[in-house]
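First comes the structure, then the notes that go with it.
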Amino acid sequence: MKYARLTKEQFEELHKEFINFLATQTITAQEWEDIKKNKPEVAEQELDVFSDLVWEGVLNKVVYIEHISPQQIHLFHLNDEHMHLIAIKIKNPIDLTTTDGFNWLRENLMDDDVEFLQAKKDYSEDRNADKFKLIQQGGVITKGDLFKYFDKLIN
């Protein structure tokens with residue numbers, strides 16, 4: 001397995017897609033029930049393969065990832081050539097994961113306690129694995145509104 005198995009809830013959401021996946025392998029509903037009962041290791045492999053296919057499709061489309069922690073915000077723009085990072089660090093005990101903390105940041109962007117950093121990093125040989133790693137570390141896929149806002153502000 002390259003990424004991570006989908007959760008039970010995700011499998012339920014993608015029920016129709018999973019049926020189509022099994023159909024492409026000429027596995028009927030009856031055969032699937034038999035595989036689950038008599039060959040659980042084969043069923044596990046099918047779930048893993050399907051999970052990887054779903055992740056691959058999602059990761060191919062990801063353009064922005066955000067990671068917000070109490071003292072830092074990491075905003076990633078994942079373009080074709082490289083990852084562009086905008087990092088915002090707070091040098092005081094404000095918690096950016098709270099509404100009050102985020103509002104403080106919006107009102108105090110030019111405060112000496114706010115530091116902006118930028119970086120660009122080339123992908124490894126597996127771009128989607130790089131994206132997945134960011135998600136595993138707590139990143140959230142977004143539409144990029146925060147990245148675009150701060151990109152305009154500091155560039």
Where [X] and [Y] come nearest, the two heavy atoms and their spacing:
X: Glu81; Y: Asp122; value: O-OD1, 3.9 Å
X: Lys131; Y: Leu59; value: NZ-O, 2.9 Å
X: Ser51; Y: Leu6; value: OG-N, 3.0 Å
X: Glu115; Y: Leu117; value: OE2-CD2, 3.6 Å
X: Ile65; Y: Thr142; value: N-OG1, 4.5 Å
X: His67; Y: Gln137; value: NE2-O, 3.0 Å

Is [Y] reachable from [X] through a run of I, L, V, M, F, W or Y residues, each pair having side-chain heavy atoms under 4.5 Å apart?
X: Leu47; Y: Val49; result: yes
X: Leu105; Y: Leu146; result: yes
X: Phe116; Y: Ile68; result: yes
X: Val54; Y: Met1; result: no
X: Tyr149; Y: Val63; result: yes

Any donor-acceptor pair under 3.5 Å linking the side chain of [X] with the backbone of [Y]?
X: Arg127; Y: Asp80; value: yes
X: Glu12; Y: Glu9; value: no
X: Trp55; Y: Ala4; value: yes

Taking the side chain as everything from C-beta on, heavy atoms only, tell me whether [X] gets closer than 4.5 Å to [Y].
X: His82; Y: Lys120; answer: yes
X: Val62; Y: Asn128; answer: no
X: Ile141; Y: Val58; answer: yes
X: Asp95; Y: Phe102; answer: no
X: Gln136; Y: Leu134; answer: no
X: Trp104; Y: Asp111; answer: yes
X: Leu75; Y: Ile88; answer: yes
X: Asp130; Y: Met83; answer: yes

For Tyr3, side chain to side chain donor-acceptor pair (under 3.5 Å) partners two or more places apart | Glu56
Identify, with sequence neighbours excluded, every residue that meets ring pair (Phe, Tyr, Trp, His ring centres under 6.0 Å) alongside Phe50.
-> Phe11, Phe18, Phe21
Kindly write out the residues that satisfy ring pair (Phe, Tyr, Trp, His ring centres under 6.0 Å) with Phe147, not counting sequence neighbours, or none if the list is empty.
-> Tyr64, His77, His84
Nearest-0.5 Å distance that lies between atom [atom1] in [X] and atom [atom2] in [Y]:
X: Lys121; Y: Phe76; atom1: NZ; atom2: CZ; result: 9.0 Å
X: Thr28; Y: Glu33; atom1: OG1; atom2: CD; result: 9.5 Å
X: Ile86; Y: Glu66; atom1: CD1; atom2: CD; result: 10.5 Å
X: Leu53; Y: Asp48; atom1: CG; atom2: CG; result: 11.0 Å
X: Glu46; Y: Leu22; atom1: CD; atom2: CG; result: 6.5 Å
X: Ile73; Y: Leu85; atom1: CD1; atom2: CG; result: 11.5 Å

Does the pair Asp126 and Lys2 meet the rule for a salt bridge (Lys or Arg N to Asp or Glu O under 4.0 Å), with working shown?
-> CA-CA 11 Å; Asp126 189 341; Lys2 185 173 179 181; 2.8 Å; yes
Stepwise, does the salt bridge (Lys or Arg N to Asp or Glu O under 4.0 Å) test hold for Arg5 with Glu44?
-> CA-CA 10 Å; Arg5 180 170 302 168; Glu44 297 287 321; 2.7 Å; yes
Before giving the answer on side-chain hydrogen bond (donor to acceptor under 3.5 Å, both in side chains), spell out for His74 and Gln72 the whole-Å C-alpha distance, their side-chain angles and the decisive distance to 0.1 Å.
-> CA-CA 7 Å; His74 291 97; Gln72 298 182 33; 3.2 Å; yes
Within a reach of under 6.0 Å around [atom1] of [X], are more than 12 heavy atoms found that belong to other residues, nucleotides or ligands?
X: Asn38; atom1: CG; answer: yes
X: Lys91; atom1: NZ; answer: yes
X: Glu13; atom1: CD; answer: no
X: Lys89; atom1: NZ; answer: no
X: Glu41; atom1: CD; answer: yes

Is it true that [Y] and [X] share a donor-acceptor pair across their side chains at a distance under 3.5 Å?
X: Asn92; Y: Gln71; answer: no
X: Asp113; Y: Asn108; answer: no
X: Thr7; Y: Gln10; answer: yes

